[in-house]
Amino acid sequence: MVHRSRVPLVGDRVLAVFGLGCLAWLVFYAALTFLGQDRPGLARFTGEVLYLVPVATLLGLSVYAARRTEGRSRTAWRLLVASNVAWLCGDSVWAYYVYTTPGGDPPVPTLADAFYLLRFLLTMPAIMIALGLKLRGLLDALLVAAAGAAIGWQLVISPLVPPSWDPGAFVTFLYPVFSVVIFSVLVALMLTGDRRVPPAMVLFAVAFGIAVVMDGVYAYSSVLRHYTSTTWLNVGWQGEILLLCLAALVAARHPGDERERPPAREVSFLPALVAVLVVGGLAAADLILSGQLSRVTLTVALLLLIGLLVRQIVAARGRTRLTEQLRTAAITDALTGLYNRRYFEEMLAAEADPARRRGPLSVVLIDLDHFKTVNDTHGHLVGDAVLTAVAERLRRSLRAGDLLCRYGGEEFVCLLPRTGGPAAWDLAERLRVGLRATPIPVPGVAEPLAMTASFGVACADPADPSGLSVDELVDTADRALYRAKAQGRDRVVGGGPREPAEVSPTLDLPPELVWLTDELDRIRGDGRSAAVSGWAWRTAAALGLDEATRLRIAAAARLHGIGCLTTTCEPGPATDDGHAARAGPEQSACLLADLAHRPDLAPLLAAVHERHDGSGHPRGLAGSDIPIGARIIAVCDGWADAAAGVSPHARQTLLDGCGTRYDPAVVDVFLALADDDEPTEAGTEKNS
């Protein structure tokens, strides 16, 4: 593991001491160079032997930086290690030639020049890797580098071009060319790169800025006279090497600085501005000095123009790609990979356009049942895995033209173009059965999780003027979904021909109590509370009761199963008058009525366990003395108890209790509904 220093760059004492040591060495080397002006032996030792000390130090520090950094920076420093090996080899070979060549004047070119040029070739990709170039950044850098190189040519290189070429002149000419190019690329990357420039690369740029001047002067001095060890150029090159040593130490001690985030300020306009100013400046200089544009200026202008055009194309493609990525992120659910609610609403609005409508349009809302229990029991990571698996299972079951989106939380929504109510119902039923049939395996959970879902369906058909409009689809499907949950979950409710004409209404009950009844049903493994409520509603309607009475009966039926939490339903000890104790069931009924803020429910809840023949409890009421709502709930509850088997067995149970436990009139009406399959449709499952 790479150790990352916590010492701030500015307060790093090691860097401060090393910097002072570099300055002291530079002063010492300059003093020896001055003393060696009249002492050839000292000059040769200073310029050829002592000169190697900083180069060897640079190589060691480069190895240190390569080991301390990681990722892109490590690759760059490994290349720089190879570059500095070539540099040390070149200087060593040059020193050997100086000491072994008569007169201390080596021929040019030599093997040392090959090592020097190899060093330049390795440094260029290392810099580009260190600064993390992308295509657009590379084009920006090349534009600025071309502009900088053009200036360097006119000011530094062009005056050095010899009238006639030979191998020595050619090699000497390459040094300032490479230095100008590397310096220009460094400056370009610092100005246009999409990352904040590491401090080590800033020191690199300063070092190569010195190299541009030194190499230019070297080429100029080589043209006029031979290079000697007594030259002051060595002091400048020593300064370049010491700055590179400091850069390597900074990179090694502060590798985290090389991965800082991009700067907030936008500088993408800079390459075009620099290119225009440079070409304009070169053209103006040519016209003033010679009265015509030089070939160099025309070539630079053409290259920069081509570069700007390519850059614009790349920038346009990059903006288009970024826009598509942002658009995709804005309309996609990150967890499941489905489209999100925003995209669904956009597509629904598009389908609402009369010019686009070519047939019916259906919406299916899907809500996973008891999903909160999954999160509470197994944790949110398992819950996320379940959502992802359910999304994939639903997606595989849909047709190519259907749209599946995550609507929010554990809710999904399907938009079904050119799909009528019956087809939407069939599709929802297939999804429901498929989800229920196969439990979901989740890593880290021993047993696959059995999941069910409730479905709400709505359809808008332009062929039916009295039907729903597209704007009403979601609200209608949402209400149908609520009814599906109220009727016991794991069912499809909504715009299909098989939905009962009368379904359970929305009851005025606190959500907390409804949740509690559902939890009790879940523990028992059925959905009887919602089912009994629905049967009681339809039975009361068949008996001709008014809507307010039906609503009260359905609400009492929804809650009556909670009474077992507060008191036993069996009669207590007999009192002196022979009646069973009344306190338990009546207190339970009053408590539930108070919790529901529905005092009108108390008489029904208290009388649920009365019997038609008067043998029930708590008051021993009989016949019509028992509230009609309590008589209806008793029949529906008896059906639910018996309907765990085949439906005819449940029928016989009610018939056996006629006149004793149950009101015969209520039983007759209920069984008439059973003949139409109404109760079993909303109730417990039928077994074969």
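Computed from heavy atoms alone, side chains included, the values below leave out hydrogens, waters and symmetry copies.
- A salt bridge is defined here as a Lys NZ or Arg NE, NH1 or NH2 lying under 4.0 Å from an Asp or Glu carboxylate O, and R395 with E392 meets this definition.
- A donor-acceptor distance shorter than 3.5 angstrom exists from the side chain of T336 to the backbone of L338, with no hydrogens or angles considered.
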Apply side chain to side chain donor-acceptor pair (under 3.5 Å) to residues T653 and D656 and explain how you reach the verdict. CA-CA 5 Å; T653 299; D656 291 344; 5.7 Å; no
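- A salt bridge links R432 with E429: at least one charged nitrogen is closer than 4.0 Å to a carboxylate oxygen.
- Classified by interplanar angle (parallel below 30°, tilted 30° to 60°, perpendicular above 60°), the ring pair W535/F670 is perpendicular.
- Annotation: side chain of R552 is in contact with side chain of L604 (closest heavy-atom distance under 4.5 Å).
- Using a 4.5 Å heavy-atom threshold, the side chains of R406 and L387 count as touching.
- Taking all atoms of both residues into account, the shortest heavy-atom contact from A424 to V364 is O-CG2, 4.3 Å.
- Two residues are said to be in side-chain contact when any heavy atoms from C-beta on lie closer than 4.5 Å; R479 and V493 fail this criterion.
- For the 3.5 Å distance criterion, the side chains of T660 and D613 fail to qualify, holding no donor opposite an acceptor.
- In this structure, E411 contributes its side chain and I366 its backbone to no donor-acceptor pair below 3.5 Å.
- Using modelled atom types, one side-chain atom of R631 and one backbone atom of I626 make a donor-acceptor pair closer than 3.5 Å.
- Counting only distance, with no hydrogens or angles, the side chain of S397 and the backbone of R393 share a donor-acceptor pair below 3.5 Å.
- A salt bridge between K372 and D376 is present, with a side-chain N of the basic residue lying under 4.0 Å from a carboxylate O of the acidic one.
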Should T419 and R399 be marked as a side chain to side chain donor-acceptor pair (under 3.5 Å) after you check the CA-CA gap, both sets of side-chain angles, and the distance that decides it? CA-CA 11 Å; T419 303; R399 304 165 301 184; 2.7 Å; yes
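- Of the possible polar contacts, none joining the H378 side chain to the N375 backbone as a donor-acceptor pair under 3.5 Å is found.
- Between K485 and D367, at least one side-chain nitrogen of the basic residue sits less than 4.0 Å from a carboxylate oxygen of the acidic one, meeting the salt-bridge criterion.
- Remark: of the listed residues L361, L403, V363, L361 is the sole one forming a side chain to side chain contact (heavy atoms under 4.5 Å, CB included) with E351.
- Heavy atoms from other residues, nucleotides or ligands lying under 6.0 Å from CG of L335 number more than 12.
- Heavy atoms of other residues, nucleotides or ligands lying less than 6.0 angstrom from OH of Y407 number more than 12.
- S533 places a side-chain N or O within donor-acceptor distance of the main-chain N or O of A554, the cut-off being under 3.5 Å.
- P441 places none of its side-chain heavy atoms less than 4.5 Å from the side chain of E447.
- L431 contributes atom CG, which lies 5.5 Å from atom CG of L398 (distance to the nearest 0.5 angstrom).
- For the pair L365 and A477, the tightest heavy-atom approach, listed with the atom from each and the gap, is CD1-C, 3.8 Å.
- Across all non-hydrogen atoms, the minimal contact from P448 to P439 is CB-CB, 3.6 Å.
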